[in-house]
Every structure is written in structure tokens, then in C-alpha cells.
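Predicted, not measured: the structure shown is a model, and the values here were computed from it.
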Amino acid sequence: MSGKIRTRFAPSPTGYMHIGNLRTALYAYLLTKHDGGDFILRIEDTDQERYVDGAVDVIYKTMKDTGLIHDEGPDVGGDYGPYIQSERRGLYKEYAEKLVELGGAYYCFCDKERLDKLKEAQTAKGITPKYDGYCKGLSKEEIQEKIDAGIPYVIRQKIDPHGKTTFHDEIFGDITVDNAILDENVLLKSDGLPTYNFANVIDDHLMNITHVIRGNEYLSSTPKYNLIYESFGWDIPKYIHVSPVMKDSGKKLSKRDGDASYEDFINKGYLKEAIVNYVALLGWSPGGEQEIFTMDELIEHFSVSGISKSPAIFDEKKLSWMNGEYIRKMSEEDFAKEAMPYIKEAVKRTDIDMNAICALLHARIEKFTDIADQLTFIDELPEYDNELYTHKKMKTNPENSLESLKAILPVLEGVEDWTMENIHSALFALIEKMEVKNGIILWPLRVAVSGLPFTPGGGVDLAAILGKDETIARVKKGIEQLS
RNA sequence: GGCCCGUUGGUCAAGUGGUUAAGACACCGCCCUUUCACGGCGAUAACAGGGGUUCGACUCCCCUACGGGUCACCA
């Protein structure tokens, strides 16, 4: 065995990529790439009832999108294929039979009815439901007879109820459980496909996986998996169980609320880099004070020791902030490229300098979907109340604003070449001449031109963007409204 | 309910027996400013509770509370 780390991401194709799943994939990727190892994608589709059309493509797309590039997988091949469990069907059966021979499993012919009754009876007695070993004592002949008779069967794990099993988890440490509480779960279903309980062991071993990174929900069944490894005499991989991502204390991120999947956040306007960056830090700490990381930096800093044990609550506010950081870091060109479609969607007028709007927006949005709300005043001046002209700090009110606007109007009309610089100097000349504070002139202009309490940019910016005619029309409207 | 796991400010979190218990987001205040935003500065805010162990506990042990996970022919 080479010392190379091999990790795998093994989602079942449900049609969307849960954010917690994405994080698990990311951690597996970071761990293995930190060490120059291989990252494997395996599709766990052994539940035919859950099959969703196109779901595998969602997985491929998301991983490609986020930069989690797998070295082996159904789409890229590799030496350990096939990488789709339904295509490995025969293999599981073979190993299940071998496990029976080794004494680690047995045939079971119990039907659903008996199982349900058993469970019911146990529950009624207040004991934890568990298979009672009814078929464990069947002789070889009896088994063969039933199989020949076509009675459906499963293969169950055989567990000696005596003793304890201890396993080691890289983040939780040693965990010991009583074998008596371990249920003898179905390994091979009557349809011939394995359950997760079996498939993960077989595949992880066959694919030479060295580190198993998965959700915390597998923590309590891990001892059972180890028993299987032991029956086969196989090496047990290192386990890394990560705690879930929560919406708030007590609630997991849910599909229902539309904030559980990677796609949901993309649709809300978040950048993929920001999502990856944020999710990386949700439940893992690099130790230092850096918070913005490229994928390469994440790879460089990643360590299992920084993964926390307790569940982490997803804070969209922080994601939003981080997204803003990414946006502000973009070059003007890149920003324009991304923002322009949104701007064009929000602004229908064609006589507007889109680039100027773009520049104004760059430091003012946290996600591109914020753009529309910022530009509502451009196409049409909204109705507004004259009280908007009152601003305590600017020392303005409707009365002096009227005077200001009256003074502003001829000045603006006199600006020949309508550029921001020219408007600016013309207005500041007026300010100087009138011997007033900037705000006395500029605040009323901003209100008249936008009709809003907050805008992306001040009066001069907005005037320049709106154009001479429109600006003057709006100033006149202001004068009229104030008179 | 049984079993397993966890618990540092509202949130993400650093911290591994001796610290003024970091930092970030959010919130609040101030500055900058042509509003807002950006940026800068600052403030408020935490070791779940109780017992031990120890010269000394956020750090180790026990109990309680709370939270999470699991108890399928789902993964």
C-alpha cells in the first residue's frame, strides 16, 4: 500500500445537493488534496425506490462548479470501477455469501409481516426494536430448501451479542458500545442489492479508501461496519464523522424552506466561491484569523483537527457578508460582466450610462440579486413625500430645499458637457457662491432626482447617470411639488 | 425511551491546567462622506448548572439540564 490518501464522496442521487453534503464532500476533497491523494466519487443508488432522474447530473454539475474535481468516478473512470453501486450488484452478493461462510452473516427468510409484528411487540414492551435472530439457527439444508422454493431472503449481519466494540474516530476519539445493542441489520436486500450498511464497507475496502468522511448520522452504526471489516480480515479505514449543519438550534437545514441546497443559494445570488468558502468555515476552523480563502488556500490549511464536534448553525448573514467581500474583490471588468445582466433587467431606459451605474453598485451590494432594488428610481421617478427633504444633519427642510432647487436649476441648465466632473464643479461653484454647506444644495438635489431616502450614489452621481434632460425635469418636478 | 455524541457571546469560532478568554458576522456608537454603502475606530456581549481533582480549572472526572444523532429490506 502506498501512503497515498484516498477519500470518497458517496452521495445518493436525490436530485439536489444539500449544503451539508457539499461540506462533507469539500472536507473529503481538502483532506485528500492537502496530502496529494485521490478523491473518488461514488454514487450510492442502491435504493431503487428513491431513484430520481437526472439526479446524478446535479451531482456532477455541482462538483464541477465548486471545483471539487474527482480523480475517479463514474464519469471519469478509474481503476476501481464501476463507481455506481447499482452496477456492482453481483459483487455484493458474492461478498455477502462469503461473509456467511465466514460466520459474519446469515440468511433470513422473515417476511415483512413477521418483522412488523416483532417490532410492534417489542415496542409495546418498551424495549428497543431489534431483530430476534429467528433465522439464525437454520441449517444449511433448510436454507437451501427455502431458496429452492423461491422464498425471498435477505442476508443479515451476524453479531455476537457478548462483549463490546470500540472504534476510533479522528474527531470524536474512541467510542465503545455494547455489542448487545447492535441490531443484526440486513446487508443484502431481497432484491439482491446491498444496503448502505454493507455496500459502504465493501466499496470502501475495494476502492482502497483510507479515510471515511461522512455525516455524524453514521457514528452509531460504525461499530457494525467494523465487525464486518473484522470478519473479512480487512483493514479498517480512518473515520471522520462530521456534525450536521443546522438552520437553527433544533432544526436542520431543510429542503422545504428553500435554503438547504447549493442550488438554492446560487439562485439567491450567492457566488459559488463564497458558498464554498463559507461552508468550509462552518464547522471547521483553520486556526488563524484569515477568513477569505481560495480553494488552494483551503487545501493548504485544511486539517481534521480543526473540525468541531458540535453542530453548526448556518448564518446566512455571514454568508452574505462574505459574498460581499468576494464581490468587492472582483475587478471592475469582472464585476461589470456579472452585474450587467441584472442592471439591464432593472433598467429599461436606454439613454443611461450602465457603466456608471455599475461602478456605483460595486461597493453597495452583497449579492447580485440586490441590484434590482437599488435601481428602482431610474426608469421612473417614484412618488415621494416632501418630508424627504428634511434632513437634520444636512440642515435641510422643504422650505430651504425649494430655494436650493431653484438655485440649482439654472446652474444645471448651464452645464454644456454633461459629465460628472462638470456637474460637480458647477454645483460646488454654486455652493461657494451661496456660502452654504454642501448638504444644503446636494441633499435636495439627490431627493429631487431619486425620490428615495437611500440611493446608490449622491446627487451628482445620479444626475450624471440620469442625463441632463431627465435631471432637469426631475428638479422641476421637485420645485413644483414643493411650491 | 435505550444507546452514542456534544455544550465558550445572538451566530461561526480560537483556546488543550495559570490568558486582560482571540478573531469574524450581526447589533450599537463615532469618524470619513454628497444620502446609503464601502472603509476606519470603538462599545456591549460567552466558558449551561452543580459537585469533585488540583496550589490553580473554559481546559481533567462525576452528576444534572439542554441540544444533536441513532434505533428500516433509507442512505
Side-chain angles (χ1 to χ4, degrees), chain A residues 10-12 14 44-47 49-50 108 110-112 115 119 123 126-131 152-156 169 171-173 175-178 180-183 185-191 193-197 199-200 214-223 241 243-244 246 248-250 252 278 281-292 306 308-322 324 328 360-366 374 388 391 393-394 424 427-428 431 437-439 441-443 445-447 450 452-462:
Chain A
S12 54
T14 57
E44 310 226 331
D45 61 342
T46 57
D47 185 3
E49 291 186 15
R50 273 217 224 167
C108 171
C110 293
D111 56 19
K112 189 169 185 304
L115 260 18
K119 186 173 176 179
T123 309
I127 50 178
T128 306
K130 191 177 170 227
Y131 183 65
Y153 67 91
V154 300
I155 292 180
R156 259 180 210 284
D169 181 90
I171 75 188
F172 289 100
I175 295 171
T176 303
V177 296
D178 234 312
I181 63 149
L182 265 22
D183 197 6
N185 287 133
V186 170
L187 263 22
L188 198 73
K189 299 184 275 187
S190 52
D191 65 3
L193 282 168
T195 59
Y196 174 86
N197 299 319
N200 91 84
R214 57 166 54 136
N216 201 309
E217 64 268 28
Y218 298 107
L219 203 53
S220 55
S221 38
T222 297
H241 287 95
S243 289
M246 310 286 290
D248 49 51
S249 67
K252 273 190 164 188
Y278 176 70
L281 262 27
L282 232 206
W284 169 70
S285 167
E289 289 188 358
Q290 183 179 350
E291 289 204 291
I292 305 297
S308 75
K309 296 174 178 172
S310 36
I313 295 171
F314 195 100
D315 182 7
E316 197 168 338
K317 284 220 177 91
K318 182 143 189 181
L319 202 214
S320 202
W321 163 79
M322 195 172 273
R328 276 167 242 133
L360 247 28
L361 252 18
H362 200 158
R364 275 170 245 262
I365 58 166
E366 289 194 320
Q374 300 247 18
L388 266 188
H391 191 287
K393 209 173 135 202
M394 298 293 132
H424 185 272
L427 252 17
F428 273 75
I431 287 165
K437 288 191 62 176
N438 298 350
I441 293 299
L442 297 170
W443 177 261
L445 173 63
R446 205 187 61 76
V447 172
S450 71
L452 295 173
F454 313 114
T455 54
V460 175
D461 299 298
L462 303 185

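- For the pair A/D47 CG and B/A75 P, the interatomic distance rounds to 5 Å; values are reported in whole Å.
- The separation between A/I292 atom CD1 and B/C12 atom C1' is 13 Å, rounded to whole Å.
- Taking only side-chain nitrogens and oxygens, A/N438 comes nearer than 4.0 Å to OP1 or OP2 of B/U34.
- A sub-4.0 Å separation between OP1 or OP2 of B/A72 and a side-chain N or O of A/K119 is present.
- For the pair A/L115 CG and B/C71 C1', the interatomic distance rounds to 14 Å; values are reported in whole Å.
- Counting atom types as modelled, A/K437 pairs no side-chain N or O with a base atom of B/U34 as donor and acceptor under 3.5 Å.
- For the C1' atoms, the distance from B/C4 to B/G10 is 29 Å, rounded to whole Å.
- Dashed line: the shortest gap from a side-chain N or O of A/S308 to OP1 or OP2 of B/A13 is under 4.0 Å.
- Between the P atom of B/C4 and the CD1 atom of A/I171 lies a distance of 19 Å, rounded to the nearest Å.
- For the P atoms, the distance linking B/U44 with B/C30 amounts to 16 Å, nearest Å.
- Pairing partner, B/C60: B/G52, with both Watson-Crick or wobble hydrogen-bond distances short of 3.5 Å.
- The side chain of A/K112 places no N or O atom within less than 4.0 Å of a non-bridging phosphate oxygen (OP1 or OP2) of B/A72.
- When rounded to the nearest whole Å, the span between CH2 of A/W321 and C1' of B/G39 equals 14 Å.
- In this structure, B/G9 makes no Watson-Crick or G-U wobble pair, since no nucleotide meets both defining distances under 3.5 angstrom.
- Using a 4.0 Å heavy-atom distance criterion, A/G459 is classed as a base contact.
- Under the Watson-Crick or G-U wobble criterion, with both distances below 3.5 Å, B/C3 is paired with B/G69.
- Heavy atoms of A/T195 sit under 4.0 angstrom from primed sugar atoms or phosphate atoms, though from no base atom.
- The backbone N or O of A/I431 sits nowhere less than 3.5 Å from a side-chain atom of A/N438 that would complete a donor-acceptor pair.
- Between A/M246 atom CE and B/C66 atom C1' the separation is 13 Å, expressed in whole Å.
- Residue contacts shown for A/S450 are absent, as no nucleic acid heavy atom lies under 4.0 Å away.
- Side-chain atoms of A/T46 never come within 3.5 Å of backbone atoms of A/L193 as a donor-acceptor pair (strictly under, hydrogens ignored).
- Inter-residue side-chain proximity for A/Y131 and A/L115 is flagged as met; some heavy-atom pair is nearer than 4.5 Å.
- Comparing the P positions of B/U20 and B/C62 gives an interatomic distance of 30 Å, to the nearest angstrom.
- Here, B/C5 and B/G9 have their P atoms 22 Å apart, quoted to the whole Å.
- Using atom C1' as the reference point in both B/A57 and B/A75, the two lie 43 Å apart (nearest Å).
- A/H424 comes within 4.0 angstrom of a nucleotide base, judged by non-hydrogen atoms across all strands.
- Of all nucleotides listed (B/U35, B/C25, B/U34), B/C25 comes nearest to the side chain of A/K318.
- Nucleotide B/C38: unpaired (no Watson-Crick or G-U wobble partner with both distances less than 3.5 Å).
- As rounded to the nearest Å, B/G69 and B/C61 have P atoms that lie 25 Å from one another.
- Comparing B/G69, B/C4, B/U35 by their closest approach to the side chain of A/W443 singles out B/U35.
- The listed nucleotides are B/A26, B/A14, B/U35; the one nearest the side chain of A/S285 is B/A14.
- Listed pair A/S310 / B/G68 fails the phosphate criterion, with no side-chain N or O lying under 4.0 Å from OP1 or OP2.
- In the interface, the side chain of A/R446 is paired with the base of B/U35 through a donor and an acceptor atom under 3.5 Å apart.
- Judged by distance alone, the side chain of A/R328 and the main-chain N or O of A/E366 form no donor-acceptor pair under 3.5 Å.
- Side chain A/S190 to base B/C73: a donor-acceptor pair is found below 3.5 Å.
- If you check every strand for non-hydrogen atoms under 4.0 Å, A/G215 touches nothing.
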**Request:** Let me see the working for A/I181 and A/T128 under side-chain contact (heavy atoms from CB on, under 4.5 Å), right down to the final yes or no.
**Result:** CA-CA 9 Å; A/I181 63 149; A/T128 306; over 6 Å; no
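- For A/R328 and B/G39, the shortest distance from a side-chain N or O to OP1 or OP2 is below 4.0 Å.
- Distance noted for atom P between B/A48 and B/U59: 8 Å (whole Å).
- Listed nucleotides B/C36, B/U34, B/C5 differ in distance to A/L442; the shortest reach to its side chain belongs to B/U34.
- Among the heavy atoms of the strands, none lies under 4.0 Å from A/P223.
- Atom CG of A/D169 is separated from atom P of B/G68 by 20 Å (rounded to the nearest Å).
- The shortest distance between side-chain heavy atoms of A/P311 and A/P244 falls below 4.5 Å.
- At the heavy-atom level, A/M394 lies under 4.0 Å from the strands shown only through sugar-phosphate atoms.
- Taking the side chain as every heavy atom from C-beta outward, A/P286 and A/L281 approach each other to under 4.5 Å.
- For B/A45 and B/C25, the C1' atoms lie 14 Å apart once the distance is rounded to whole Å.
- If you check every strand for non-hydrogen atoms under 4.0 Å, A/Y278 touches nothing.
- Going from atom CD1 of A/I313 over to atom P of B/U7 covers 14 Å, rounded to whole Å.
- Mapped onto RNA chain B by nearest heavy atom, A/G288 and A/L188 fall at different nucleotides, with A/G288 at the one closer to the 5' end.
- Within 4.0 Å (heavy atoms only), A/T128 reaches at least one base atom of the nucleic acid.
- When the side-chain nitrogen and oxygen atoms of A/K189 are compared with OP1 and OP2 of B/A75, one or more of them lie within a distance under 4.0 Å.
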**Prompt:** Are A/F172 and A/S243 close enough, and set up right, to give a side-chain contact (heavy atoms from CB on, under 4.5 Å), and what steps lead you there?
**Reply:** CA-CA 10 Å; A/F172 289 100; A/S243 289; 3.8 Å; yes
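- Between A/E291 and A/K318, some side-chain heavy-atom pair lies under the 4.5 Å cut-off.
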